[in-house]
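Residue numbers begin at 1 in each chain, while the letters A, B, ... track the order of the sequences.
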2 protein chains.
Amino acid sequence: MSVGAVSRALSADKTLSIREETRERILGAAKMLNYSPNHAARSLRMSSTGLIGLAVHDVSNPLYSDIVAGAQTAAIEAGYVLTLTDADVLATDEEVFRRLVASKAIDGILLQTVDNSADSIIAKTAKTLPVVMVNAESPNPEVGSVTVDDHQAALLATNHLLELGHRKVAYLTIDEHEDRAARRLGGWRDAMIDAGLVPQARWIVNGGHSSEGGMRAMEAIISTPEMPTAVVAANSLIALGAMKACQAAGLQVPDQVSIVGIHDFPTAAYLNPGLTVVSLPLRQLGERAVQLLLDQREGKRPVHEKLSAPAAEVIARGSTGPCPGSTHLR
Amino acid sequence: MSVGAVSRALSADKTLSIREETRERILGAAKMLNYSPNHAARSLRMSSTGLIGLAVHDVSNPLYSDIVAGAQTAAIEAGYVLTLTDADVLATDEEVFRRLVASKAIDGILLQTVDNSADSIIAKTAKTLPVVMVNAESPNPEVGSVTVDDHQAALLATNHLLELGHRKVAYLTIDEHEDRAARRLGGWRDAMIDAGLVPQARWIVNGGHSSEGGMRAMEAIISTPEMPTAVVAANSLIALGAMKACQAAGLQVPDQVSIVGIHDFPTAAYLNPGLTVVSLPLRQLGERAVQLLLDQREGKRPVHEKLSAPAAEVIARGSTGPCPGSTHLR
DNA sequence: GTGAAAGCGCTAACAA
DNA sequence: TTGTTAGCGCTTTCAC
């Protein structure tokens, strides 16, 4: 019984011919001693760590937690372990980047960013390690990416309001990736046009990317002469801020103003009123991202993929209702 | 210029005497080639990976995001990189555990758990790797831990209500670590007793650990014959559910019922009404946990530490107000 | 069916 | 001041 045989027995090498008794003795001893092959030695020899990184902007952003969950599932299924890192730290701290990425402490990296601050990382990394952008389109042919149907989400959100009889529907834009922001804005615009309405420029207000920004934006809307009766927020955190602004101004939601956000999140149902949202398949986004990463690792060309199933979906809760004064009851 | 010299120059070894010109040539070449020492080889040689793991239960729980932020900061400051993992996966999936922990892919691990499901991991791990429990007291002398002052937090929350004139103050318990739950319950009880009140057993209802649980618990309270005028929730997610239940029952918060939760979180201010909370120094908790882990790595005995500064603090928002019918205005 | 040995990329100790 | 080398723990190839 030699070290070689032990190694092969433990990794369940099918090509190893060995006496059954010997194999059992090996397995038994390993269990007994609680033996696990040393990660560093293994990685060095195999030039593969079995780890895949997911760099996220703001780990605790409730809107994106499903992405993490999905990636987790897919990674484990594929025999990998997922480790999360702070995307901003990675982009900012040269040393962290070296230690984790440039040194190949991981086999590949998923990037869930919110702006282009990580573009330099990407450029540096893509030659070394497979990289996949999650929820943003890759500007770089060496980097894969997956997105969801942002246009459709905003379209659905707007249509939901239109069906409730609203005509003056404002839109609170998001400060994140420009392309993503543009796609969502486009969804609102197209829905308005399809309904024969004119998407007024003054109904478009920058909602930032947080509740704080949403509140400011809604305050601006409220002070508008001809105030809209409904608002689509480019994400649900913005929507939350918008609700707060309404409440502060003494406006009833949904009786006087209807609000809908993009992305469902755990506490949306527990707000007062519950927030109507459009949900997107973020869990599947995370899963798919891992699969693409693994494909790249096997030498496939990086691709961009738009996830269209499961489709975006309106989850109606209390924050949207019929347009006041409208006879258009559904 | 030999490999040895290069290695030492790149790691800024002070004991290396070398011609300035040579050093610059090395550094220049490294930058040019974008060279980073291979992580696996380095780890193997130095038997240290420079990575510290933080296993969290539910990454996206907004109540605990500050712990992650604090740990992140402290890790980087100490020259380490923090990687997050799902605590439940780690506890459940034997293979993931081996690959990450038993194989020493990381130098130590921080555990932020919510029950005792990870106890078996801890036992297995502590002999191999430094382990520190975050926000829960270690049951094991080989494992360090840090907690915050749960008793004080609940005491403050209750006193806040008492000062507003409330006499009948219910308590929604939490389903998490028993010791933590007990300490918070004790804080409520002591505050009541200190105020000369009797902490009625029927005012204690299990709120689970989520908004869903909080809602159920509050429904139970509402159907109580002599309904309390105020509620302390053992965490803010529970409080959120309690608010929802009040709203569903047509009860005004805070006019008819006051609600306070433990732990501040980003969207608490954006609720309707804003949620009054008691904040605890979670960021510092994360920082301290990393420091203790590093201390253990250097051979110090694992210790348990209770963080009492910065002190817990009431952040009054809209969900608490004077007791209806009370003349006890502050 | 089993054992021996090379070598992954690096650091640290030692030799020159 | 600079160069050489052993060896970290593992997997895999090759010889037996």
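With D/dT2, D/dT5, D/dT11 as the choices, the nucleotide that has an atom nearest any side-chain atom of B/Val3 turns out to be D/dT5.
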Is there any protein nitrogen or oxygen under 3.5 Å from a nitrogen or oxygen in nucleotides 13-16 of chain D, and what are the pairs?
none

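By the 4.0 Å N-to-carboxylate-O rule, B/Arg25 lies close enough to B/Glu21 to be salt-bridged with it.
Between the side chains of A/Ser60 and A/Asp58, at least one donor N or O sits under 3.5 Å from an acceptor N or O. Side-chain contact check for B/Ser36 and A/Arg98: at least one donor-acceptor pair (N or O, by modelled atom type) lies under 3.5 Å. A donor atom on one side chain and an acceptor atom on the other are not found under 3.5 Å apart for B/Asn140 and B/Ser138. Between the side chains of A/Asp107 and A/Thr49, at least one donor N or O lies within less than 3.5 Å of an accepting N or O.
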Inset, instruction - Evaluate the criterion salt bridge (charged side-chain N to carboxylate O under 4.0 Å, His left out) for residue pair A/Lys127 and A/Glu142; output intermediate values, then yes/no. - result: CA-CA 8 Å; A/Lys127 286 151 200 147; A/Glu142 303 205 49; 5.1 Å; no

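For B/Thr22, a side-chain nitrogen or oxygen approaches OP1 or OP2 of D/dT2 to under 4.0 Å.
With rounding to whole Å, A/Lys104 atom NZ is found 15 Å from C/dC10 atom C1'. Taking atom CZ of residue A/Arg99 and atom P of nucleotide C/dC10, one finds them 15 Å apart after rounding to whole Å.
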Could you give the side-chain donor-acceptor pairs of residues 88-95 of chain A under 3.5 Å, partners two or more places apart or in another chain?
{"residue": "A/Asp88", "atom": "OD1", "partner": "A/His57", "partner atom": "ND1", "Å": "3.4"}
{"residue": "A/Asp88", "atom": "OD2", "partner": "A/His57", "partner atom": "ND1", "Å": "2.9"}
{"residue": "A/Thr92", "atom": "OG1", "partner": "A/Asp88", "partner atom": "O", "Å": "2.5"}
{"residue": "A/Asp93", "atom": "OD1", "partner": "A/Glu95", "partner atom": "N", "Å": "2.9"}
{"residue": "A/Asp93", "atom": "OD1", "partner": "A/Val96", "partner atom": "N", "Å": "3.1"}
{"residue": "A/Glu95", "atom": "OE2", "partner": "A/Arg99", "partner atom": "NH1", "Å": "3.2"}

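A distance of 8.0 Å separates CE in B/Met46 from OG in B/Ser11, rounded to the nearest 0.5 Å.
Listed in residue order, the members of residues 35-48 of chain B having a heavy atom less than 4.0 Å from DNA chain D are B/Leu44, B/Arg45.
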